[in-house]
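The structure appears below as structure tokens.
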Amino acid sequence: MTRATRVRALFALAILALSTFLALTQPARLGLDLRGGTQLVLETRDSPTAEADRAATDRTLEVLRRRVDALGVSEPSLSRAGDHRIVVELPGLDDPDEAAEVLGRTAQLTVHPVLGTATAGTGASRTAHADGSTVLPDDAGTPLRLGPAALTGAEVQRAAAEFDGQDGSGWSVGLTLHGAGERAWARLTGKAACAAPNDPARRAAIVLDRKVISSPQVESSVACGVGITGGTTRITGGFDQHAAQELALLINGGALPVPVDIVEQRTVGPTLGALAITSSARAAVIGVALTAVFITLVYRLLGALATLALACYALISYAALLALGATLTLPGLAGFVLAIGMAVDANVLVFERAREEYAAGPPARPRTLRSALAAGFRNAFSAIADSNVTTLLAAVLLFFFASGPVRGFGVTLCIGVAASMVSALLVTRVLAECAVALRPVRRRPRLTGLAGLGRVRSWLSRRRPDLMRHRRRWLALSGAALLLAGSGIAVRGLDYGVEFTGGRMVEYTTARPVDAERARAALDTAGLDRAQVSTSGDRTLTVRTERLSAAQLTAAGRVVDELGGGAQKVRDELIGPSLGEELRRGALVALGLALLAQLGYLAVRFRWTFALSAVVAMAHDVVVLVGVFAWLGKPLDGVFLAALLTVIGYSVNDSVVVFDRIRELRGAARGTPFPDLANTAVLQTVPRTVNTGMGAVFILAALAALGGDTLTDFALALLIGIVVGTYSSVFTATPLAVVLERNGGASPRRSGRRPARRGGRRERWDTGARV
């Protein structure tokens, strides 16, 4: 073992030891889509008396925290997002309307003296007199003229729901006042006690959010001018237990400094979250197992060692997730599994380059396994780095411009890309170098998988097809694919998910299959005439509408329950129209910036012709994928956005590998016509493309078959993207680069006559060597 190998081994052991420690000692933070619960996004807005600035949002956050604590939810999470938004996560709470009612109310509690009744028709909340009094109706509808507030909820020390069955009052809310509130209450009730019995002035109005919830009359036992002392009183008003407890909770939590609006609401049932974890884990195990078997069959001993390195990758990326305190969401779990494909790609790039280096040695003095492996790592590093950087660009943009669970996908994808680099360039290298140093392995080089060309490369070396000869035909075929996809977008239109349009989406599971048309008709009869109904699988029904009140939600649940022989609500999402427009705009910005970022990076790393060709191929893949989803009638939501940006990364990866090989060949064979260089580069990189694509297909096929409804569309989008991206890197990006190079005059103009295929360096490629 060389000194460099020993140093790498020490680094690898240190990283693995730290990762193991974190995995054993730190619990994972699961998102609500995996453990069930409700997430609310609240947005503060200006009020007549306060501005919704950053400080007001922070004060609002503290009030909401007290209210959430009073709800009794275990492990709640509240955080500020920007200057005006607050994200509230309530695990285990499956009634979003209850949480929204409690958290969204301003809860401005005030107590007013009643000056008298107002004339009929006087508008509520209207200033009736010059003395600043206001008019509000009591619980019987009688308009009361109220004086300025004598005390507020800030003077309430404690509020508690109480039940008194002896006097028949039932449930009420007992208040304990302190300090100035105790004295103000005594003055208010002492003055009211001076009025005659049944006089409105003998009452005190208790107002919550500009609504009179109780206006009790001061009892005759209270002395005039003395009032009620001791700092205790009760709010009565015909409350039931739930209403009394909710009012006490609001008073104890305090008033919000500024009003808040609910702009986003997501609820996932605990059974759906548990099912998502089980199905995703099963898909991950099966997909990784199939990938491991495949690369072991292709690369033999080194393939088996790469499988071990993939297990180390999983440990490293999971530990990094724990160290950063990131939340693992369902799309994030998919990104975690998907990054395995990046690790496989890096290993395949290294092994294919090592195969070339081993076969390139002269028969008299062939290369050793160690030198071929070292050269493989050295020559593959550029393509690995470029492909991973382009994927990171898409992941970072996803993190900054997406929201909710999809942002978790960007985080885990970034972690996965970094972990795949460590796995492939450090762990795999240490294991491979130790293996090829063993004497039994040196004596039997074919055991390593490096001593053979592989079936794909052997076939290509015999046939030597000239793909770039028909470059205009390939470009015309790509144009036809764009036309077909564009016609799907124009004819069928795009079905934007509720995240991008705003509205409410409720998903049910039923005991028996339900026909979508029958459900739509039944909901129309129940008053939901604009509801969109769709089914997925045998027993999953989704209702989507622009607006859905609590009463309409109850009615929809009753209809679905009757049709399905029993139904359970498993998902409930509410997106405000302003937030939907913002998310849609953010998605378009993310896509535009992804294209520009990829173009800029590739223009710096390669020639502008290469960069433009790669970006055009990337745009081709995006349009084709969106068009296919339009033809299939699939929704375009946040999960689709995650898949789309991942497809961009995959598409650029394939193009980068081809262009990196063209750049290398161009430096070694100056004067060779560019179409011949491009054709050779494509043929030399096809084995990597096939093997990497197969590894990703195994994982995605497992996700599509076993990952549940959400991951099915995600995996389907990626499967389509990988197929289209593989095609476009060979038959769109490379032919376009040839056309641009010829038209731009960047390469020497030749007659187009191909060099002789026999003799010299061309003959050596046919035996597996590089040009």
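Nothing here was measured: the structure is a model prediction, and the numbers come from that model. Start at 1 with the first residue, then count along the sequence.
- At least one donor-acceptor pair under 3.5 Å links the side chain of Thr448 to the backbone N or O of Pro445.
- The aromatic ring centroids of Phe714 and Phe640 lie 6.0 Å or more from each other.
- For the pair Thr20 (side chain) and Leu16 (backbone), a donor-acceptor distance under 3.5 Å is present.
- The closest side-chain heavy-atom distance from His620 to Val616 is not below 4.5 Å.
- Note on Glu357 versus Arg378: no salt bridge recorded, every NZ/NE/NH1/NH2 to OD/OE distance being 4.0 Å or above.
- Atoms OH and CG, on Tyr727 and Asp621 in that order, are 10.5 Å from each other to the nearest 0.5 Å.
- Put simply, the side chain of Asp386 reaches to within 4.5 Å of the side chain of Phe606, judged on heavy atoms.
- Classification of Asp660 and Arg605 as a salt-bridged pair fails, no side-chain N sitting under 4.0 Å from a carboxylate O.
- Phe610 and Phe659 have parallel rings, their planes meeting at less than 30° on a 0 to 90° scale where 60° marks the start of perpendicular.
- Using a distance-only test at 3.5 Å, with no hydrogens or angles considered, no donor-acceptor pair links the side chain of Asp345 to the main chain of Gly693.
- Remark: side-chain polar atoms of Ser420 are paired, donor with acceptor, to backbone N or O of Val417 under 3.5 angstrom.
- Residues Arg607 and Arg666 meet the side-chain proximity criterion, which asks for heavy atoms closer than 4.5 Å.
- Between the side chain of Trp474 and the backbone N or O of Leu467, at least one donor-acceptor pair lies under 3.5 Å.
- Under a 3.5 Å cut-off, the side chain of Thr428 and the backbone N or O of Ser423 do form a donor-acceptor pair.
- For Arg370 (side chain) and Glu433 (main-chain N/O), no donor-acceptor pair under 3.5 Å exists by modelled atom type.
- For Thr685 (side chain) and Val657 (main-chain N/O), no donor-acceptor pair under 3.5 Å exists by modelled atom type.
- In this structure, the side chains of Pro465 and Asn679 stay at 4.5 Å or more apart for every pair of heavy atoms.
- Between the side chain of Thr692 and the backbone N or O of Thr689, no donor-acceptor pair lies under 3.5 Å.
- Salt-bridge check for Asp654 with Arg688: passed, with a basic side-chain N closer than 4.0 Å to an acidic carboxylate O.
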